[in-house]
Amino acid sequence: MPIDILLQLLINGILFGAMYGIAAIGLSLIFGTMRIVFIAQGTMIILAAYGSFWLFKLWGMDPYVSIFFVVPASLIVGIGFYQALFRKVAKAGQFPTLLIAFGLMALLENLMFVVFTGNSRALQTSYSTYALTLLGMKISFVRLMVFVMAILGATGVTLFLKKTLLGKAVRAASENLEYAMLVGITPHQVNTVTFALGMGLAGLAGVATATTYAFDPFSGFVFGLKAMIALALGGMGNVAGALLGGILLGVVESYSAFFLSGGWADVISYAVFLLVLMFKPEGLFSRDTSAKL
Amino acid sequence: MKTMNKKQFILSVIILAVCTAVPLIFDPETSYVVYFLFMAFIYVTLAQAWNIVAGYTGQVTLGLHAFFGLGAYVIAIGWSRELIGYLDPLGMFAAGCAAAILAILVGIPLLSKLKGDYFALGTLGLGEILRLVTIQGGAFTAGPTGILLPSSSFNTLTPHYFIALFLALLALGVTYYMTKSNIGLALVAVRDDETAAAASGINILKFKVLAFAVAAFLAGLCGALQAYYIFHVEPQGFYSLNWTLYPVLMCVLGGAGTLSGPVIGALFLTVVFEIAKYALPEIHPIFSGLLIIFSIMFLPKGLIGLKPGRMFQRTKRIS
């Protein structure tokens, strides 16, 4: 096996996985404060992908420009979701929130199916097939942009959490909600912020999806599952871990797709997911194993 | 609590027993009523199966479709190799057992480590794995096109109807037995406070796995029966997430953690779905999503409402 093929697969996997990483960071944030895994995340990503697709199709807007419309819109949708659906049941525990997310997924999927039809869509720009050559490796431009978006998204979220007062409140609440409430942090406010951030990241992942993948209304479910796998690999409630988990998943998929086949690649990623859940549920990259689980 | 359960049990049995008369009144070959009730019974069984795991034991599983599909495939693979026959009770029992064994194998490691949505996600992943493995299964599972069964054996829906009715009664009986016996007490104790349950000497893992396996067994039987009705077992239809989505919805809408909740929910929603299929064929799946959201938000205890379905009062966290 020539080394450059292995290297090429590694690069493809890393670039690929960055997208799972963006989605996983959003899931991780929501999990951090609300202790729910938001199953509808993947479906939100596809909704955002449709947003980017139609902005391009109808007004010829470049997908990278559409970020500035799709992401703010997703932030607002996130606030709306929290206020309309989760605010009331946030205190009632995981069970109702999980089922509402499940219901939301079914609702959005079928709504998109009716509005946008079940046809598979792909955003074709003039540079979609352009590839850079670097040290003999072919690097797809759109995939590289996904990676750049993932790094920028992760950095942005980290800065927000570390530097702003609101971000510090979010971190405090995810570490210990009771103590955070004692110092005057309102859970609803923190939950709203994390939900908005989570959906904003879903918006970013949606644009990334639109530029690299063909998608249809129901591909969100699988995508959301992949984001959860990335999250399980990386460990809940940890931004860098979620991104690394996504990249690791991308690499695993890239190699298994090459050595086995595309169909088996998915089986392997789910199997890795189940194995990690069974034997190391705190995640592979979590530094602090006691705090989150 | 006990007398209430008894009342609910007797009421549910009466409702279902009235149904035994249906094929005598309506012609099973032409009547829509018989088909409708057949589907409703399958949903009652699946909703009750989910109720045992989630409603009574508090472990949300989103993997019913994995066991449903597995049951169907046991029948399809066995029948196409002439190991079992048409409407073979032993074959169906084997299908249920296969599902239960899988549930035990997956349940022990998953349930010993995971709580809450981790377990939900794990079971959701299980369904996906089985679907993909089946698609990749080559000649053994006939890949994505699925297995075609000898549909010439079908002449009437009557046996299917009675088997489905039997399954619904079985699910109800199992749930009733569980609530009446010590097992039920243990399950509810595990749901309400795991630490306290463990402290009182309950083997938490054993009871969680037991509930999970019983639910899988029932789902496997339903899958087997559906395979005998559809005669074309393929991965997309039998491993469809709807086999989890609808029972969850029915159980939650009817009232999770109660005996008759899933029965009421399943009968009610099968009616709604059938009407929606006629009246609004395009957008009917949208309603299932909306209904889940609305029933959780506004009817947290289900249609059975006034009775205590206490599962939503506790805040459970991954400790």
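In what follows, chains carry the letters A, B, and so on, assigned in the order in which the sequence lines appear, proteins first and then strands, with residues in each chain numbered from 1.
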- Return the set of residues passing ring-ring contact (aromatic ring centres under 6.0 Å, His included) with B:Phe212 (not counting sequence neighbours), or none when no residue passes.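 Counting only residues at least two positions away or on another chain, B:Phe212 forms a ring-ring contact (aromatic ring centres under 6.0 Å, His included) with B:Phe67, B:Phe119.
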
- Residues of residues 213-222 of chain A near chain B, each having a heavy atom less than 4.5 Å away: A:Phe221, A:Val222

- Pairs touching residues 46-67 of chain B that satisfy salt bridge (Lys or Arg N to Asp or Glu O under 4.0 Å), sequence neighbours left out: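 Those involving residues 46-67 of chain B do not exist here.
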
Relative to chain B, which segment of [X] carries a heavy atom at a distance below 4.5 Å: side chain, backbone, both, or neither?
X	result
A:Leu111	both
A:Ala265	neither
A:Ile39	side chain

Measure the spacing between [atom1] of [X] and [atom2] of [Y] and express it to the nearest 0.5 Å.
X	Y	atom1	atom2	answer
B:Glu128	A:Ile229	CD	CD1	9.0 Å
A:Leu107	B:Ile293	CG	CD1	5.0 Å
B:Thr123	A:Leu274	OG1	CG	9.0 Å

- Considering only heavy atoms, which portion of B:Leu62 lies under 4.5 Å from any heavy atom of chain A: side chain, backbone, both, or neither?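 The side chain, not the backbone.
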
- Pick one of side chain, backbone, both or neither for B:Val248, based on which atoms fall under 4.5 Å of a heavy atom in chain A.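 Interface part for B:Val248: side chain.
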
- Note on the structure: Shortest non-hydrogen pair, B:Val133 vs A:Val267, comes out as CG2-CG1, 3.7 Å

- Task: Of all the heavy-atom pairs spanning A:Ala271 and B:Ile129, show the shortest one and how long it is.
- Result: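 In terms of heavy atoms, the two residues are closest at N-CD1, 3.7 Å.
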
- Task: Under the salt bridge (charged side-chain N to carboxylate O under 4.0 Å, His left out) rule, collect the residues that match up with A:Asp266, sequence neighbours excluded.
- Result: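 Expected list: A:Lys226.
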
- Message: For the interface with chain A, which of B:Ile135, B:Leu126, B:Leu241 has the highest count of heavy-atom pairs at distances below 4.5 Å?
- Response: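 Heavy-atom pairs under 4.5 Å are most numerous for B:Leu241.
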
